[in-house]
Undergrad: 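Handing you a structure now.
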Amino acid sequence: MPRLIITILFIFFAYNGNAKTIVVRADKANAIKNALAYCTDGDTVSIEKGLYKEQDILVSKRITILGKDYPVIDGVKKGQLIVVVRDSVIISGLQLQNTGRSSMTDMAAIRLQNVKSVSVINNKLVNNTYGVYLQNSHYCLVYKNTIRADAQDELNSGNGIHAWKSTHLLLQSNNISGHRDGIYFEFVTDSRILNNTSTENIRYGLHFMFSHKDVYTRNSFINNGSGVAVMYSKQVEMYYNTFRHNWGDASYAILLKEIADSKIEHNLFDKNTVGIYMEGTSRIQVLYNEFVENGWAMRVQSSCDNNVFEKNNFLSNSFDVATNGTMMLNTFNNNYWDKYDGYDLDKNKVGDVPYYPVSMYSVVTERVPTAMILYRSFLTDIMNRVEKVMPSIVPDKLKDDNPLMKSLKLR
Amino acid sequence: MKTIMKYVVADLIRNKVIVVYAIILAVLSFSVLSIDENPAKGLLSLLNVTLLFVPLISILFATIYYFNSIEFIELLLAQPVRRNKVLLAEYAGLTISLSLAYLLGVGLPVMIISPNLAAITLLLSGFLLTLIFTAIALLIFVLFKDKTKGIGAAIAAAMFFTLLFDGLLLIFIYSFNEYPIDKAVLGITAFNPVDLARILMLLQLDVAVLMGYSGALFKKFLGTGTGSVYVVICMLFWVLLPLLLSVRVFRKKDL
Amino acid sequence: MIHINALTKSFGSFKALDNISLNFAKGRTVSLLGPNGSGKTTLIKSILGLVIPDKGTISINDKQIGNDWQYRSHIGYMPQIGRYPENMTIGQVIKMIKDIRKDNVQYDEELITQLGVNKISSKTMRSLSGGTRQKVSACLAFLFSPGILILDEPTAGLDPLASEILKDKIIQECNKGKLVLITSHILSDLDGITNDVVYLQDGKLIFYKSVDELQHMTSETKLNKMIASVMRNEHTKTADI
């Protein structure tokens with residue numbers, strides 16, 4: 001065993017035969033830029049603790065930049081901080097703060113431009129317009145970074161992690177807050193988004209368009225201005241994510257618009273104004289999710305078709321499902337609805353009468369929002385009961401023919 | 001006042017109706033809370049019980065009790081005590097006993113099975129409703145000379161607040177749907193203590209939905225703590241106003 | 001001791017008291033007589049402050065009663081119908097009234113023992129007969145040995161023995177210099193205890209005379225005979241006019 005390690009080390013050092021480590025201290029101006037000018041491919045630039053006021057640091061060599069105890073690179077609100085234009089660069093252990101703001105260019109703390117295999121690991125990004133900006137980059141890793149800002153309005157702010165025209169990215173265990181969008185994808189495909197936390201961003205926790213074949217797993221999107229928006233994409237997979245406390249009149253845990261052939265499974269939707277909002281979506285599988293204490297668990301617009309909703313738990317939502325029409329081309333089956341009050345005479349754990357998830361009062365408040373003030377009153381109770389006996393305004397095609405009698409154990 | 005109140009409470013906690021009221025509430029609470037695996041659902045059933053039965057039972061029982069105590073009140077008034085003290089002591093004794101029955105009947109099971117903020121809100125609204133409807137009963141007592149008429153008025157008041165008012169409000173909302181009536185509607189609900197209690201609960205259970213309406217007022221008002229504070233203050237007014245009115249009328253009332 | 005001046009009270013269009021002026025002195029037992037609805041109870045309730053008069057004044061110990069309430073510590077009241085909170089015991093009721101009248105700690109519990117109320121003090125009011133409740137009411141009225149005793153139909157419902165005990169007590173208190181006001185239908189019960197008679201009808205004062213005077217006028221010995229005789233004379237008088 002020791003021999004093996006020695007062999008590996010030998011190979012490593014052989015490969016880095018003339019690699020050197022350059023130590024940078026904050027004792028004179030442009031210390032980092034000078035070091036980068038001096039180094040060559042394969043070198044390690046080790047930055048000591050201290051305050052470096054430098055902007056637009058161009059990394060054009062295949063190097064590793066390592067910060068010791070988080071040295072601070074401060075853009076003093078002018079320009080960008082680090083721009084990477086070379087493959088296989090590693091940036092780690094830095095605190096990057098105060099990029100400039102501009103309406104002409106997107107000012108980023110770290111910008112990856114047309115590169116491959118770049119890693120951004122374990123950095124602290126504070127108060128930047130954009131955090132990590134990936135532009136036409138592939139096979140890149142963004143791991144364990146803390147990215148926070150306190151954006152005030154959408155116009156003057158940027159995104160935490162912004163990716164454009166990229167493929168094969170891995171975003172893992174990052175913590176993003178206070179940006180415009182936590183994670184923003186446009187034309188990004190074949191990427192994986194794992195274990196990230198995106199909170200208190202003023203627009204979306206996650207926002208993507210035209211980004212196909214991406215997988216989102218175990219991320220948390222909490223308390224974002226408008227939740228998560230997912231548009232014009234195909235083959236998106238979302239597993240085990242948590243969507244919590246996204247409140248407001250245009251706020252959705254997930255807004256799905258023109259999405260097709262995707263999977264949404266094992267997610268938790270907790271205390272959102274709307275759990276899932278769907279518009280023009282097709283062939284989506286919504287399975288094994290838990291909807292708890294949302295205003296509306298789902299809003300399925302009539303422009304959606306062939307979506308399947310199965311084996312989900314609906315618990316303590318004000319309204320389970322709302323829709324804008326009477327057409328329903330989607331399938332609801334085998335879900336647990338806590339509002340179901342049917343019976344199970346044959347004891348097969350499936351209710352013997354169908355459940356209609358759109359309640360009468362949700363239709364009423366759809367037309368007359370002010371009537372919400374009377375929700376849960378004795379009067380509306382009576383109205384609901386009458387509607388159950390003589391359905392007249394509830395879309396009767398929207399029903400779960402096999403509602404479960406007991407909730408599913410999903411988590 | 002404390003002295004009289006103490007004895008009224010001592011009398012009432014041995015009153016069969018009060019004891020039965022507490023027991024029925026307790027049985028009901030235990031069963032709805034434990035029958036379902038989801039206690040939040042049970043809490044909703046208890047909300048319905050609270051909104052429907054607490055006003056009715058409080059106002060009816062209180063009215064009957066006041067009218068039955070008229071000779072006793074006379075005897076007390078023949079003693080060297082202030083008139084309003086006797087009246088308020090009767091009110092306090094009654095309201096303490098009824099609240100106690102409610103808080104034991106509903107509060108105990110709820111606090112054992114699912115103690116959370118929504119449960120506390122439910123108890124608060126039930127408690128305030130008890131205070132309010134016992135006070136309205138007091139007003140009915142001082143306004144009417146005749147017991148039968150008084151009971152009639154009590155039933156009418158209970159029906160008005162639990163059902164009729166909401167019906168009228170719904171008609172209003174439907175008819176003026178085109179206009180910005182959010183403010184007006186919120187204002188109108190202040191005139192019904194049962195609605196206030198319900199909204200207090202709504203603010204707990206359905207904020208998410210309330211936040212979903214674009215009505216800026218709903219959002220601003222109901223989304224923050226202001227909404228709950230406003231509702232509780234309105235309800236306290238509903239306790240104080242009937243009481244003050246009763247004291248005023250009673251000062252000049254012939255027994 | 002009690003000075004009533006031009007007292008008037010109407011309930012709607014019904015005149016319960018019409019310009020009544022009366023003076024009651026201490027050491028006297030005054031009977032308030034008259035048919036039903038003649039204003040006896042209204043008069044008593046006015047003195048107690050239970051009924052607010054429209055016009056006129058009432059002074060007790062030279063102090064006019066207005067919104068004042070303290071004057072009632074000079075009064076002991078026994079109501080016509082005694083109804084008490086059902087689940088209270090006799091002991092509790094007595095204790096409660098004692099608690100209310102904290103200013104007085106000298107208790108006259110003679111009646112309580114004589115009527116045997118002390119032996120049943122743990123019984124609840126609900127379980128008592130009308131007569132026993134009357135006994136409790138009587139005990140409460142005398143408990144604080146007040147200067148003025150107002151008894152509304154005190155002997156109605158009492159058994160003969162209790163009735164006698166109560167009468168003796170009234171005479172005894174009157175002799176101590178107290179003022180006793182009694183209304184009663186049973187005139188025979190008032191024989192021997194009453195000094196003066198006030199007769200009311202339709203809210204008006206018909207006469208206010210001492211028993212001696214009445215005796216002199218009518219040469220009758222029994223109170224009911226005296227009253228009947230006077231009323232006959234009154235009628236003939238009105239008929240003459």
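Letters A, B, ... are given to chains in the order of the sequence lines, protein chains preceding strands, and every chain is numbered from 1.
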Undergrad: Less than 4.5 Å to any heavy atom of chain A: does that hold for the side chain of B/Leu44, its backbone, both, or neither?
TA: side chain
Undergrad: Where does B/Leu202 contact chain A at under 4.5 Å (heavy atoms): side chain, backbone, both or neither?
TA: side chain
Undergrad: For A/Asp381, is it the side chain, the backbone, both, or neither that has a heavy atom closer than 4.5 Å to a heavy atom of chain B?
TA: side chain
Undergrad: Which is it for A/Lys399 and A/Asp401 under the salt bridge (Lys or Arg N to Asp or Glu O under 4.0 Å) test, yes or no, and what are the steps along the way?
TA: CA-CA 6 Å; A/Lys399 59 177 176 174; A/Asp401 280 320; 3.7 Å; yes
Undergrad: Non-hydrogen atoms of chain A under 4.5 Å away: do they reach the side chain of B/Asp206, the backbone, both or neither?
TA: both
Undergrad: With a 4.5 angstrom heavy-atom cut-off, is it the side chain or the backbone of A/Ser377 that approaches chain B, or both, or neither?
TA: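 Contact with chain B is through both the backbone and side chain of A/Ser377.
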Undergrad: Using atom types as modelled and distance alone, determine if a side-chain donor or acceptor of A/Asn324 lies under 3.5 Å from a backbone N or O of A/Ser302.
TA: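 At least one qualifying donor-acceptor pair exists.
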Undergrad: Can you tell which of B/Thr162, B/Thr189, B/Asp195, B/Leu169 has the highest number of heavy-atom pairs within less than 4.5 Å of chain A?
TA: B/Leu169
Undergrad: Going by heavy atoms in the side chains, are A/Phe243 and A/Val228 under 4.5 Å from each other?
TA: yes
Undergrad: Assess the residue pair A/Asp320 and A/Tyr355 against the criterion (side-chain hydrogen bond (donor to acceptor under 3.5 Å, both in side chains)); give the C-alpha distance rounded to whole Å, side-chain angles, the decisive distance to 0.1 Å, and a yes or no.
TA: CA-CA 11 Å; A/Asp320 288 331; A/Tyr355 176 71; 2.7 Å; yes
Undergrad: Taking side chain as C-beta onward, heavy atoms only, is B/Phe161 less than 4.5 Å from B/Pro55?
TA: no
Undergrad: Evaluate salt bridge (Lys or Arg N to Asp or Glu O under 4.0 Å) for A/Arg180 paired with A/Glu154, printing each intermediate quantity in order.
TA: CA-CA 6 Å; A/Arg180 181 172 63 195; A/Glu154 284 185 23; over 6 Å; no
Undergrad: For each of B/Asp166, B/Leu47, B/Leu205, tally heavy-atom pairs with chain A at distances under 4.5 Å, and name the one with the top tally.
TA: B/Asp166
